[in-house]
Amino acid sequence: MAGNKTFTLSKESELRIEVGWDAPLRLQLTSGAAEIFGTELPPQYWLTFPPAHKFAIFTWNGATVEVDGIAEVAYVADETPMVSYVNVHAVLERRRVRAKEASISNPSNHSESQGPRIIVVGPTDSGKSSLARMLLSWAARLSWKPTFVDLDIGQGSISIPGCIAATPIEMPIDPIEGIPLEMPIVYFYGHTTPSVNPGLYKAVVKELARTLEQQFAGNAESRAAGMVINTMGWVEGIGYELLLQAIDTFNANVVLVLGQEKLCSMLKDVLKGKPNVDIVKLHKSGGVVPRNSKYRQRMRIYRTREYFYGLTNELSPHANVVNFSDLLIYRFGGPQAPRSALPIGAEPSADPTRVAPVTITSDLVHAVLAVSYAKEPELLLSSNVAGFIYITDIDIERKKISYIAPCPGELPSRLLLAGSLTWVD
Ligand SMILES: Nc1ncnc2c1ncn2[C@@H]1O[C@H](COP(=O)(O)OP(=O)(O)OP(=O)(O)O)[C@@H](O)[C@H]1O
């Protein structure tokens with residue numbers, strides 16, 4: 001599709017758009033009211049969407065939208081699962097109101113004043129992130145500040161890939177800029193698939209849950225607003241095991257299962273002993289665009305680039321050179337004890353969460369490292385991270401490391417974590 005085009009949307013329909021890879025696309029709402037994943041569009045205002053963006057403009061009561069530019073795909077669909085999604089939102093809203101009332105009438109009872117803890121599960125490309133966004137934005141439009149937890153290390157939307165993170169959502173999510181990056185709580189796993197070190201993945205999930213639990217205990221407002229947890233699309237084998245762990249660790253009480261009967265019945269069966277957990281099956285939207293591994297890889301690069309340079313290159317990252325001795329780099333899952341060092345008969349067991357120092361070699365060039373808030377190496381697992389740097393050069397002779405950081409000045413800590421994440425400018 002090329003040039004300007006006006007789309008007329010009738011009640012409860014949506015315009016689905018896929019922006020091409022080569023150029024951005026502009027659009028404006030010319031009449032009526034419409035929203036993108038729960039966030040209302042400003043009227044008569046041109047919005048520019050970057051290449052490869054895929055989204056839907058949904059209207060409850062009718063709207064017209066003018067599109068300028070080339071879209072790879074643009075069509076109107078009037079069959080959507082949006083009514084069922086908003087019905088879930090209405091139930092959640094009542095629970096938040098009840099929790100808030102309880103926090104006023106009985107402030108010491110933390111279980112009654114706990115709002116809904118929703119976890120969105122389903123296979124890859126079932127629309128989990130989009131549904132999580134809608135639920136968060138609809139809640140934020142009603143002045144709640146729900147916490148968004150993203151456990152998807154492949155396509156993380158709060159931090160960079162390889163991390164799990166949480167952040168309060170205080171405003172409807174910007175359809176272009178996404179989740180605001182202000183002060184999220186980020187834990188570093190270091191790889192983009194959990195199978196590299198499932199034990200570590202479980203441990204960082206636990207750490208994030210522990211930190212959030214502490215925050216909720218002291219903040220009645222965010223406790224009542226509850227949380228929305230987005231998960232990975234891996235629902236078989238270890239992936240399924242990790243889902244169950246997440247439901248349990250975050251004490252989720254609403255499990256929304258997108259588009260898979262089998263997963264829903266498995267969860268109902270395994271969670272039948274927990275009557276306070278509601279499991280709700282929802283239809284996947286026909287608009288969800290399946291993404292292949294190449295696209296996902298490209299989006300990961302895009303996301304890391306955005307961290308260092310900003311969405312529109314508005315950040316200017318800083319190059320620094322330090323001595324080897326200025327930085328202490330560790331990695332998790334570090335070396336298991338050799339058999340010879342074990343008591344006779346004992347089997348070597350690698351602790352997936354044990355940290356080991358990393359020897360600085362040229363192998364670290366292009367590595368993305370997390371800067372930890374930990375005060376000592378033993379605390380690396382339980383500490384969240386302040387941000388990331390990437391290594392541009394290692395001078396073995398002069399023992400110097402060159403790196404790029406998103407902001408100037410000294411790093412907040414000299415304890416860094418390495419995984420398998422890399423970035424090439
Ligand atoms: N109704 C829709 N119309 C058009 N595009 C959509 C719609 N719903 C979702 N999308 C797009 O489809 C893609 C996949 O959706 P989404 O990210 O929500 O799925 P997911 O299940 O979270 O994926 P993952 O497998 O990464 O976990 C995204 O680019 C999203 O913006």
Side-chain angles (χ1 to χ4, degrees), residues 1 7 9 12-21 25 27 34-39 41 47 49-60 65 67 71-86 118-137 148-158 161-162 164 173-179 192-194 228-236 239-240 242-243 246 255-260 263 281-300 302-303:
M1 194 198 78
F7 291 89
L9 306 178
E12 289 171 24
S13 69
E14 67 185 22
L15 170 61
R16 295 172 178 163
I17 293 189
E18 291 180 41
V19 185
W21 278 104
L25 179 118
L27 65 81
E35 56 188 54
I36 296 182
F37 300 139
T39 300
L41 289 185
L47 296 168
F49 292 82
H53 228 73
K54 304 174 197 305
F55 59 98
I57 300 161
F58 178 84
T59 179
W60 292 106
V65 177
V67 178
E72 219 162 74
V73 176
Y75 68 97
V76 176
D78 49 18
E79 258 182 49
T80 79
M82 292 293 279
V83 170
S84 62
Y85 293 178
V86 88
I118 307 120
I119 185 162
V120 186
V121 307
T124 41
D125 297 322
S126 55
K128 297 179 295 301
S129 316
S130 308
L131 175 60
R133 245 170 203 239
M134 279 178 230
L135 296 175
L136 289 161
S137 291
F148 177 42
V149 179
D150 199 352
L151 302 182
D152 188 353
I153 46 176
Q155 302 282 308
S157 54
I158 302 180
I164 60 165
I173 298 165
D174 188 297
I176 301 164
E177 301 197 344
I179 312 282
T192 53
T193 154
V228 177
I229 306 164
N230 184 34
T231 58
M232 293 175 288
W234 192 15
V235 295
E236 320 252 312
Y240 178 65
L242 296 176
L243 269 188
V255 183
L256 300 179
V257 189
L258 269 175
Q260 215 198 56
L263 177 63
K281 182 176 168 288
L282 290 169
H283 286 291
K284 165 183 166 176
S285 165
V288 177
V289 188
R291 294 156 304 164
N292 58 23
S293 57
K294 204 164 146 202
Y295 179 94
R296 285 170 188 275
Q297 173 65 13
R298 251 172 123 163
M299 289 317 278
R300 280 202 274 273
Y302 196 78
R303 192 76 198 149

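What you see is a predicted model; the values in this text were computed from it and never measured. In listed order, ligands and their atoms are each counted from 1. The figures that follow rest on heavy atoms only: side chains count, while hydrogens, waters and symmetry mates do not.
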Determine whether a donor-acceptor pair (N or O, by modelled atom type, separation under 3.5 Å) exists between the side chain of [X] and the backbone of [Y].
X	Y	result
Asp78	Ser13	no
Arg303	Gln155	no
Thr231	Val120	yes

When you measure from [atom] to every protein heavy atom, which one gives the shortest distance, and what is it?
atom	result
atom 1 (N) of ligand 1	Glu14 OE2, 2.8 Å
atom 27 (O) of ligand 1	Lys128 NZ, 3.0 Å
atom 22 (O) of ligand 1	Ser129 OG, 2.6 Å

Which of the listed options, [options], holds the heavy atom that is closest to [atom]?
atom	options	answer
atom 18 (O) of ligand 1	Gly286, Ser130, Gly287	Ser130
atom 15 (O) of ligand 1	Leu258, Val289, Val73, Val288	Val288
atom 11 (C) of ligand 1	Lys54, Gln155, Lys284, Arg296	Lys54
atom 19 (O) of ligand 1	Gly259, Pro81, Gly127	Gly127

Handout entry: side chain to side chain donor-acceptor pair (under 3.5 Å) assessment of Asp152 paired with Asn230
Key = CA-CA 7 Å; Asp152 188 353; Asn230 184 34; 4.6 Å; no
Give the contacting part of [X] toward ligand 1: side chain, backbone, both or neither, where contact means a heavy-atom distance below 4.0 Å.
X	answer
Phe37	side chain
Arg291	side chain
His53	neither

I'd like to check which ligand 1 atoms, numbered from 1 as shown, lie under 4.0 Å from a non-hydrogen atom of [X].
X	value
Asp152	26 (O), 27 (O)
Thr124	25 (O)
Ser285	1 (N)

Exercise for the section: Among Val288, Leu263, Leu131, find the residue that satisfies the side chain to side chain contact (heavy atoms under 4.5 Å, CB included) test when tested with Leu258. Expected result: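 That would be Leu131.
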Exercise for the section: Let me see the working for Thr192 and Arg300 under side chain to side chain contact (heavy atoms under 4.5 Å, CB included), right down to the final yes or no. Expected result: CA-CA 9 Å; Thr192 53; Arg300 280 202 274 273; 3.5 Å; yes
Exercise for the section: State whether Arg16 and Glu14 are salt-bridged, where the test is any N-O pair (Lys NZ or Arg NE/NH1/NH2 against Asp/Glu carboxylate O) under 4.0 Å. Expected result: yes
Handout entry: Pairing of Arg296 and Asp125 as salt bridge, 4.0 angstrom limit
Key =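 Yes, Arg296 and Asp125 are salt-bridged.
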Problem - Gly122 heavy atom under 4.0 Å from ligand 1 - result: no
Exercise for the section: Report the relative orientation of the aromatic rings in His53 and Phe49; use parallel for angles under 30°, tilted for 30 to 60°, perpendicular for over 60°. Expected result: tilted
Problem - Heteroatom proximity flag, Asp125 to ligand 1, N/O under 3.5 Å - result: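 Yes, at least one N or O pair falls under 3.5 Å.
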Problem - Residue pair Ser137 / Thr39, side-chain donor-acceptor N/O under 3.5 Å - result: yes
